[in-house]
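In what follows, a structure is listed as structure tokens, so that the remarks can point back to it.
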Amino acid sequence: MSKRRPIIGGNWKMNTNAESAVALARGVADGCAGLSGVEVFVCPPFPYLTHVGSALNNAVMLAAQDLYHEPDGAFTGEISTAMLADCGVRAVLTGHSERRHVIGEGDALINKKTRAALNAGLLAVLCVGEKLDQRDAGETDAVNERQIRAGLAGVTPDQMARVVIAYEPVWAIGTGKTATPADAQDAHAKIRAVLTDLYGPEIAGATRIQYGGSVKASNAAELFGQPDIDGGLIGGASLKTADFLDIVRAAAG
Ligand code: PGA
């Protein structure tokens, strides 16, 4: 049994509206009340952060899908860490594959965002993962290693207590295809080895590594049962209260 507390995140992406976001948040908060042994966060779209925050309880953390690393100024359309904190946000995703591959963010920007989140006292969920062609070329571990090393450059050992890694193979996101538990475990173990090289065995052993990519109630327990998988980052299945709660319960054990 791992001593790490599993963590489950719901990434709502560009879905919901004010009403459905609040209803989803209420359902998740009710279902998580009293559950121990698992940490839960949800990432609503920016405009609904405060609505959702007021519908949550202590059992569920409010998180954001993105941030900008500058504190303020002429950055049209961007959102600072102080603005997020003002809305009650305590955690934020960085480097999600849709930010990397749809919006075009590179490792250097993702590193700035990760450090800004940590410097602001937020929990940073750094997402990494290979594309299908990279997997087919046998580059999975090299891609993860590069994204981890670049994403965490300048992150101090103390700050690692507020870092979660989300391993999300890009070909598994929103496709219904999931890495086999054995393949996912293998990638997670390699990621932990990179963390050991960077920060030593104690910090690496304490860092949570979530799996993401078409996690659903039917495959969650087997994935979360792997020794180096510490919960999941959930997209599609996080939009349905019952499905998300089944996944949370699978992690709570
Ligand atoms: P999915 O998304 O669960 O819909 O595959 C996961 C994610 O993008 O975090």
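In what follows, every heavy atom counts, from backbone to side chain, and hydrogens, waters and symmetry copies are set aside. The structure presented is a predicted model; accordingly, all values stated were derived computationally and were not measured. Atoms within each ligand, like the ligands themselves, are counted from 1 in listed order. We're numbering straight along the sequence, starting at 1.
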Determine, using heavy atoms of K13 and all atoms of ligand 1, whether some pair is separated by less than 4.0 Å. yes

Within 6.0 Å of CD in E222, more than 12 heavy atoms from elsewhere: no

Test of understanding: given a 4.0 Å heavy-atom threshold, classify the contact between A172 and ligand 1 as side chain, backbone, both, or neither. backbone

Would you say A237 and ligand 1 have an N/O pair spaced under 3.5 Å apart? no

Have a look at D107 and tell me which of K112, Q147, R100 forms a side-chain hydrogen bond (donor to acceptor under 3.5 Å, both in side chains) with it. R100

Does any N or O atom in G235 lie less than 3.5 angstrom from one in ligand 1, N or O only? yes

D133 atom CG, over 12 foreign heavy atoms within 6.0 Å: yes

Would you say R90's side chain and M61's backbone share a donor-acceptor pair under 3.5 angstrom? no

For G212, state whether at least one heavy atom is located under 4.0 Å from any atom of ligand 1. no

For H96, atoms of ligand 1 separated by under 4.0 Å from a heavy atom: 7 (C), 8 (O), 9 (O)

Contact between L84 and F46 at the side-chain level, heavy atoms closer than 4.5 Å - yes or no? yes

Side-chain contact test, heavy atoms from C-beta onward, threshold under 4.5 Å: evaluate it for E145 versus D141 and give yes or no. no

What protein heavy atom sits nearest atom 9 (O) of ligand 1, and how far off is it? E168 OE2, 2.6 Å

At less than 4.0 angstrom from any non-hydrogen atom of G174, what atoms of ligand 1 do you find? 1 (P), 4 (O), 5 (O)

Over 12 non-hydrogen atoms of neighbours within 6.0 angstrom of CD in E78: yes

Could you check K3, R192, R5 and say which one makes a salt bridge (Lys or Arg N to Asp or Glu O under 4.0 Å) with D230? R192

Check ligand 1 against G213 and write out every atom of the ligand that is under 4.0 Å from a heavy-atom position of the residue. 5 (O)

Please indicate whether any nitrogen or oxygen in G236 is less than 3.5 Å from any nitrogen or oxygen in ligand 1. yes

Say whether T175, considering both its backbone and side-chain N or O atoms, lies within less than 3.5 Å of an N or O atom on ligand 1. no

